[in-house]
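Inspection log for the structure reproduced underneath, given as structure tokens.
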Amino acid sequence: MTDFDRARTLLDTARRRTLALTDCVDEGELITQHSRLMSPLVWDLAHIGNQEDIWLVRAAGRAAGVRPDLDGLYDAFQHPRFSRPDLPLLRPDQARRYIASVRDQALDLLAGAPAEDGDPLLADRFALGMIAQHEQQHDETMLATHQLRSGPAALHAPPPPPAPADAAMLPREVLVPGGPFTMGTSADPWALDNERPAHIVEVPAFFLDTVPVTNGAYQAFIADGGYGDPRWWSAEGWAHRQQAGLEAPLFWSRDGAGWLRRRFGVVEPVPADEPVLHVCWYEADAYARWAGRRLPTEAEWEKAARHDEHLGRSRRYPWGDADPGPEHANLGQRHLQPAPAGGYPAGQSPLGIRQLIGDVWEWTASDFLPYPGFEAFPYREYSEVFFGPDYKVLRGGAFGVDPVACRGTFRNWDYPIRRQIFCGFRTARDASPREAA
Ligand SMILES: [Fe+2]
């Protein structure tokens, strides 16, 4: 298979998912804003086509473009999400025709384009990979919009992911030995600017949870009065907890002594052995302090996920360099929930740490900052304008993330108050000198 054919297959996969996420509801649901945090689904739909028009048809394909007049309307920086339902958006049928004609032109133009002519957008088919990732990222966003929708379920409900046979035998935490490792990448052709360049980071020995924090463990924090005790919260976290009235993860409700959750339109008991979802950074940070632990830094997370002590190098994924298969990780919306803690043993790291990739995005302690030697590409608004203390980094990808948009180096970021995304966490602690030796 040529690089172009591979890219086209990934674009086709993304488009099938886009259409499945938008064909399953009627026109009214597509143009409604289901949450002020999200765009109407029909905005995401046309924005996917507009970015493809800009980057594949015009920038890489050097053609005039399908609808350059739509650029302003679908520019995420000109129009914050809450304002988008008031814009003169394309109707759903118009948006569908628009994205189809953009795709036809893009493939016609780029099928014959050289893979190398000095243009970094064409090298290694980067532009095609960037647009496939972009579409899948909006598909994940649309999945989050479906989770926020009220009313009956619209999405096909796949079977739950498999439970591990050995969950009860797993150690609570794993020692990651101290020493340098290679963080980020200069070699992965479709890595985005914020993942670059590769650089050496010294990470002291630490312990990391073998699996993400589960609903059952999180319920113990709630039952112990964790939401009412400012000792566990940062000052900003406590202020936010009070102002927002946080008492449990988003989508949870009390059911006598237990808890229910709403998941894609279905209300069900909260499963104790699944990684907790829909907690904000402040909640994760408070839980960790209550547990006598802390969130891992981004460097610690990546070392645990990529560094192979025996090979003496970082790999693309916890299991090695091979692309994610269905046996490795819960990705690609094959399921609509995380796997029980300890799932996907074939995807564990060399040290035996599980579910680093897939299931839930994991909050880290770190602010979103550039790596040494960072260069914005292909535009400043991709990452650079977000660098700074306002955003916290999440790692690993959730069940709604496609493999094309997920790597051991991949960095996601969001405000520490956000919890409508598919976010959970795991905890860490420093190793004492005796433990580290
Ligand atoms: Fe976008």
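Everything numeric in this text was worked out from a predicted model, so none of it was measured. Any value given below was found using the heavy atoms of this structure, including those in side chains, with hydrogens, waters and symmetry copies removed.
Under the 3.5 Å distance criterion, the side-chain polar atoms of Arg103 are matched with a main-chain donor or acceptor of Leu11. Checked by atom type and distance alone, the side chain of Trp363 pairs as donor or acceptor with a backbone atom of Val279 at under 3.5 Å. Panel note: side chain Gln333, backbone Asp402; no donor-acceptor pair is recorded below 3.5 Å.
In terms of the side-chain hydrogen bond (donor to acceptor under 3.5 Å, both in side chains) criterion, residue partners of Arg96 (sequence neighbours excluded) are, by chain and number, Asp23.
Taking the centre and axis of the six-membered ring of Phe377, the NZ or CZ atom of Arg196 falls outside the cone set by 45° and 6.0 Å.
We find that Arg411 and Glu195 are not joined by a salt bridge, their nearest charged nitrogen and carboxylate oxygen being 4.0 Å or further apart. Ionic pairing of Arg263 and Glu274 is not present here: no N-O contact between side-chain nitrogen and carboxylate oxygen is shorter than 4.0 angstrom.
Close placement of the Phe221 and Tyr287 rings is indicated, their centers lying within 6.0 Å of each other. Here Tyr227 and Trp233 bring their ring centres to under 6.0 angstrom of each other.
Using cut-offs of 30° and 60° on the angle between ring planes, the pair Phe264 and Phe399 is perpendicular. Classified by interplanar angle (parallel below 30°, tilted 30° to 60°, perpendicular above 60°), the ring pair Trp319/Tyr317 is parallel. A tilted orientation is assigned to the rings of Trp259 and Trp252, their planes being inclined by 30° to 60°. Phe425 and Tyr218 have perpendicular rings, their planes meeting at more than 60° on a 0 to 90° scale where under 30° would count as parallel.
No hydrogens or angles considered: nothing links the side chains of Asp86 and Ser83 as a donor-acceptor pair under 3.5 Å. For the residue pair Thr18/Glu135, the side-chain donor-acceptor check at 3.5 Å is satisfied. For Gln33 and Arg84, the side-chain atoms include no donor-acceptor pair closer than 3.5 Å. Checking Asp209 against Thr427 by side-chain atom types alone, a donor-acceptor pair falls below 3.5 Å.
Residues Leu41 and Glu29 fail the side-chain proximity criterion, which asks for heavy atoms closer than 4.5 Å. Looking at Arg261 and Pro271, their side chains come closer than 4.5 Å, going by heavy atoms from C-beta outward. Here the side chains of Lys392 and Asp285 are not in contact, with every heavy-atom distance at 4.5 Å or above. Side-chain atoms of Leu73 and Trp43, non-hydrogen and from C-beta on, never get closer than 4.5 Å to each other.
Of the candidates Gln133, His47, Gln51, His138 forms a side chain to side chain donor-acceptor pair (under 3.5 Å) with just one, namely His47.
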